[in-house]
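Report on the following structure.
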Amino acid sequence: MSPRNGLSVEDVSFGYGRATPTLKRVCLQVGPGEVVALLGPNGSGKTTLLKCAMGLLKPREGQITLHGQDLRRMPRWQAARYLSYVPQATDIVYPMTVFESVLLGLRDSPWYPDQASLEKVERVLERLELTPLATRPMDELSGGQRQKAAIARALVRDTPYLLLDEPTNHLDMKHKRDTLEILRERARIQQQGILVVLHEINIATQLADRIVLLDNGQVVASGAPAEVITPEHLRAVYQVDVGIAHQDGLPFVMGYR
Ligand code: ADP
Ligand code: MG
């Protein structure tokens with residue numbers, strides 16, 4: 001993929017203060033229809049990288065481009081047409097129903113929703129099996145239900161790129177699998193480019209076209225799942241010895257010690 005045709009993070013360094021940088025010359029690309037999984041230990045800079053890619057944090061060096069255009073030079077409303085974001089789960093919930101929360105994904109300022117918007121929300125809720133919860137207040141949901149509502153709020157926007165921070169946290173096996181299917185469908189059918197932070201390596205290998213492994217703010221490995229998910233890389237990054245099996249050419253972590 002050429003940087004002219006996708007979301008491109010080019011040699012990005014970022015620091016929160018004057019201390020050592022949190023991201024060091026990070027490069028990654030997400031093209032239309034591509035799923036890229038971002039893996040790495042706690043504190044390795046995954047969330048920080050997503051926030052830079054969203055334009056929420058300004059890189060110290062390097063640049064982020066969308067179809068060749070510098071994100072910093074883009075007005076917020078224009079960037080918002082390209083990008084949707086599912087933040088890492090927080091306990092902050094607003095006093096509104098699931099329906100209202102998803103509807104808010106469609107607009108940034110006060111407005112009166114038209115019929116098409118309401119139907120869009122209904123379709124997304126249906127696809128995520130959230131319809132029975134539509135009128136429930138967000139603060140009365142379980143962690144997993146809230147997580148799905150957050151995913152729905154991003155999906156309803158139908159932007160070319162979707163950035164998700166640990167979207168499968170709090171989800172049980174069925175809902176993890178469903179989320180995986182929905183993201184795959186979004187990439188294949190709607191050609192959305194997806195950058196997703198995951199902790200479960202086996203979900204990443206099933207979902208992603210490419211995996212980027214981050215450690216201490218640096219890209220340690222990047223490429224097809226079979227190239228990145230190796231005992232050597234995982235030992236170097238997570239300090240554990242893993243057993244890996246292969247099925248249909250994909251690596252699966254069988255256990256670790
Ligand atoms: P990850 O998502 O991979 O767990 P983060 O990107 O959240 O990692 O954090 C990377 C590093 O940056 C950590 O050392 C973390 O403590 C630090 N950090 C994160 N957010 C802030 C912040 N708002 N201010 C200062 N340091 C931060
Ligand atoms: Mg994080």
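Excluded from the calculations below are hydrogen atoms, water molecules and symmetry mates; all remaining heavy atoms, backbone and side chain alike, are included. Everything quoted here is computed from the prediction, not taken from an experiment. Order of appearance sets the numbers: ligands from 1, and atoms from 1 within every ligand.
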Quiz prompt | Protein heavy-atom partner closest to atom 7 (O) of ligand 1 - residue, atom, separation in Å | solution = T47 CB, 3.6 Å
Quiz prompt | Protein residue, atom and distance nearest to atom 18 (N) of ligand 1, heavy-atom basis | solution = Y16 CE1, 3.4 Å
Practice problem: Would you mind finding which of G15, G43, G40 brings a heavy atom closest to atom 1 (P) of ligand 1? | Solution: G43
Quiz prompt | Atoms in ligand 1 flagged as close to T22, the criterion being non-hydrogen separation under 4.0 Å | solution = 10 (C), 11 (C), 12 (O)
Quiz item: Does T47 put an N, O or S atom under 2.8 Å from the Mg ion (ligand 2)?
Solution: yes
Self-check item: G217 touching ligand 1 at heavy-atom level, < 4.0 angstrom
Solution: no
Self-check item: Contact bool for atom 16 (O) of ligand 1 (protein heavy atom, d < 4.0 Å)
Solution: no
Quiz item: D178: what forms a salt bridge (charged side-chain N to carboxylate O under 4.0 Å, His left out) with it, not counting sequence neighbours?
Solution: K174
Practice problem: Mark yes or no for whether R186, through its side chain, and L155, through its backbone, hold a donor-acceptor pair below 3.5 Å. | Solution: yes
Self-check item: Atom indices of ligand 1, in the order listed, that fall short of 4.0 Å to a heavy atom of T48
Solution: 5 (P), 6 (O), 9 (O), 10 (C)
Quiz item: Is there a donor-acceptor contact under 3.5 Å linking the side chains of H67 and Y161?
Solution: yes
Practice problem: Give the atoms of ligand 1, by number and element, whose distance to some non-hydrogen atom of N42 is under 4.0 Å. | Solution: 4 (O)
Practice problem: May I ask you to list the atoms of ligand 1 that are less than 4.0 angstrom from any heavy atom of P41? | Solution: 3 (O)
Exercise. Answer yes or no: does atom CZ of R188 have more than 12 heavy-atom neighbours from other residues, nucleotides or ligands under 6.0 Å?
Key: no
Quiz item: Side chains of S84 and R157: do they bring a donor and an acceptor to under 3.5 Å?
Solution: yes
Exercise. Scan side-chain atoms only and decide if N202 and T205 contain a donor-acceptor pair under the 3.5 Å cut-off.
Key: no
Exercise. State whether a side-chain donor-acceptor pair under 3.5 Å links D215 with S44.
Key: no
Quiz item: Between K46 and ligand 1, is there a nitrogen or oxygen pair with a distance under 3.5 Å?
Solution: yes
Exercise. Using a distance threshold of 4.0 Å (strictly less than), state whether atom 27 (C) of ligand 1 has a protein heavy-atom neighbour.
Key: yes
Quiz item: Strictly under 2.8 Å, is any N, O or S atom of T48 next to the Mg ion (ligand 2)?
Solution: no
Quiz item: Under a 4.0 Å N-O cut-off, is there an ion pair linking D165 with K46?
Solution: no
Quiz item: What is the distance from atom OG1 of T159 to atom CD of Q190, rounded to the nearest 0.5 Å?
Solution: 10.0 Å
Quiz item: Does an N or O anywhere in S44 fall below 3.5 Å from an N or O of ligand 1?
Solution: yes
